[in-house]
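In this text the structure is predicted, and so the values were computed from the model without any measurement. Counting starts at 1 for both ligands and their atoms, following the listed order. Computed over heavy atoms, backbone and side chain alike; hydrogens, waters and symmetry mates excluded.
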Amino acid sequence: MQQQLTNRRVLLGVTGGIAAYKSAELVRRLKELGAEVRVMMTPAATEFVSPLTFQALSGNPVHSQLLDPQAEAGMGHIELARWADLILVAPASADSIARLAHGRADDLFTAVCLASDAVRAMAPAMNRLMWANPATRDNVALLADRGWAVWGPGEGDQACGEIGPGRMLEPLDIAARAAQLFETGLLAGQRLLITAGPTREALDPVRFLSNHSSGKMGFALAREAASAGARVTLISGPVHLPTPDRVTRIDVVSAAEMRDAVLDHVRDCDVFIATAAVVDYRPAQAAAHKIKKHQETLSLELVRNPDILAEVAALAEAPFSVGFAAETDDVAHYAKVKLNAKNLNMIAANRVGGVDSAFDGDDNALQVFWPGGDASISRSSKHSVARQLLELIAQRLRDRD
Ligand code: CTP
């Protein structure tokens, strides 16, 4: 199943109606599509279904009180309103529709709806005469006018024994409509593992060998991949960058730690992108105590670090593996040699040194190679370059399937 709601945050508003029991299944359907789900309930809704049911299914505490100091200390109503990408009211009772239409804010549910600029949708459910009443018709029309998507209601047997329009749509149908509200991400549901930044190889307790890698390219890729619908794990050496939204970050220091972290996670990934500037050699032995300047000259014995990317690409069930190559000259030639030598699915090469240097700047340009093809990404921000590289990766993944 394509997880079209990966990284999307759905705030499900459950209001008072017998159809509330179906919303428990709706939570499961939304989660199956990859959504993160939180539930808010009106007091009337809690008379139909226990908040505990929704807590267990969503994996998150249920929100129901506006002025509960404990709840407000956790995730208050304004934070909840900001958190949501989609507010989905299901079932939407006649009363809750009326209260939303009039901009009420005297309970948690209405206050959150009023305070949010998220995408909003409702699945009405009520007795057929309540639905047909001009008061309800006007309220629904007003909300639709203000941008609410109105799904259903369906027709059929009603809990009250009557037959007609007023049944809440089936959870599967509502979840599918929720997914359609969002543009399906380029990498929807794909799992990406990305290394970024430099590594540090200890000489003694206070000194290390390292390089100037800023981590910007890897972090830009992580952010853009998450926006394109991927689940992203970012394994980063020491850098001064904030963690992109919706990205799981693991901090490491040395190449050995980076390798361990990668091998711990690589089985759960579809795509591995190695942007890290892994230090190629480490001191054969890190001194236990600070090295003193007793001698005129000092020799260090260095040993090769493991090549993380080559190791991943050589796995029996290797993910789609993408390397980066920094070259001062003959970029295409050396990049292709590395593509073959490490058995990669793709390599992105950038020129370093001179005016075009990419190491610490905010811009980059790439020449990208894969077996049987290549493309150029012209100089622009690392975020724009990241988006274009992810498009190439998505294309290659599609061609492979
Ligand atoms: N890489 C890695 N582990 C290492 C070294 C490199 O995963 N120990 C990855 C980098 O993240 C990058 C690619 O391999 O994706 C770079 O390959 P490499 O051959 O190390 O490139 P250079 O350092 O440019 O190599 P050379 O010095 O041989 O030109």
Side-chain angles (χ1 to χ4, degrees), residues 192-202 208-222 225 232-239 250-266 269 271-284 302-315 318-354 356-360 364-371 377 382 385-386 389-390 392-393 396:
L192 264 67
L193 184 63
I194 300 174
T195 64
T199 62
R200 284 182 185 171
E201 311 301 320
F208 52 80
L209 293 177
S210 192
N211 57 57
H212 287 297
S213 166
S214 65
K216 285 176 187 164
M217 193 64 227
F219 275 60
L221 275 163
V232 184
T233 303
L234 176 62
I235 297 177
S236 175
V239 296
I250 297 165
D251 285 318
V252 296
V253 177
S254 64
E257 283 175 23
M258 185 172 276
R259 172 180 175 270
D260 289 348
V262 166
L263 294 183
D264 274 352
H265 291 85
V266 75
C269 85
V271 179
F272 175 62
I273 310 180
T275 71
V278 182
V279 173
D280 287 324
Y281 291 91
R282 67 179 184 280
L302 303 177
V303 294
R304 271 284 277 279
N305 265 330
D307 189 320
I308 304 168
L309 175 61
E311 209 170 323
V312 168
L315 290 172
F320 187 92
S321 301
V322 183
F324 268 70
E327 307 292 345
T328 48
D329 35 32
D330 221 351
V331 178
H333 169 71
Y334 286 118
K336 284 186 206 161
V337 168
K338 277 178 199 168
L339 180 74
N340 292 328
K342 298 198 192 192
N343 199 19
L344 305 178
N345 299 96
M346 185 178 276
I347 192 155
N350 48 21
R351 190 180 289 280
V352 290
D356 274 352
S357 184
F359 230 37
D360 191 29
N364 202 0
L366 294 175
Q367 274 178 274
V368 185
F369 303 89
W370 56 90
I377 299 176
K382 284 186 174 170
V385 168
L389 180 61
L390 291 171
L392 289 174
I393 293 173
R396 303 295 311 146

Engineer: Who pairs with Phe320 by side chain to side chain contact (heavy atoms under 4.5 Å, CB included), at least two apart in sequence or on another chain?
Structural biologist: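 Only Val271, Val322, Asn345, Met346, Ile393, Arg396, Leu397, Arg400 meet the side chain to side chain contact (heavy atoms under 4.5 Å, CB included) criterion with Phe320.
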Engineer: Among all residues two or more places apart in sequence or in another chain, which pass the side chain to side chain donor-acceptor pair (under 3.5 Å) test with Glu327?
Structural biologist: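 Testing Glu327 for side chain to side chain donor-acceptor pair (under 3.5 Å), a comparison that skips the adjacent residues, returns Lys338.
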Engineer: Under a 3.5 Å distance rule, please check whether Ser254 uses its side chain to pair with a backbone N or O of Arg200 as donor and acceptor.
Structural biologist: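 No, the answer is negative, given that no donor and acceptor are paired below the 3.5 Å cut-off.
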Engineer: Using only atom types and a distance under 3.5 Å, with no angle test, would you say the side chain of Arg282 pairs donor to acceptor with the backbone of Arg304?
Structural biologist: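 Side chain of Arg282 to backbone of Arg304, a donor-acceptor pair under 3.5 Å: yes, one is there.
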Engineer: Please name all residues satisfying side chain to side chain contact (heavy atoms under 4.5 Å, CB included) with Asp251, sequence neighbours left out, ordered by chain then number.
Structural biologist: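 Asp251: side chain to side chain contact (heavy atoms under 4.5 Å, CB included) contacts with Ser236, Arg249.
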Engineer: In order of chain and number, which residues sit within 4.0 Å of ligand 1 by heavy atom?
Structural biologist: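 Residue list for ligand 1: Ala274, Ala276, Val278, Asp280, Pro306, Asp307, Ile308, Leu309, Gly323, Phe324, Ala326, Lys338, Lys342.
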Engineer: Pair Leu209, Tyr281 - check side-chain contact (heavy atoms from CB on, under 4.5 Å), show working.
Structural biologist: CA-CA 9 Å; Leu209 293 177; Tyr281 291 91; 5.7 Å; no
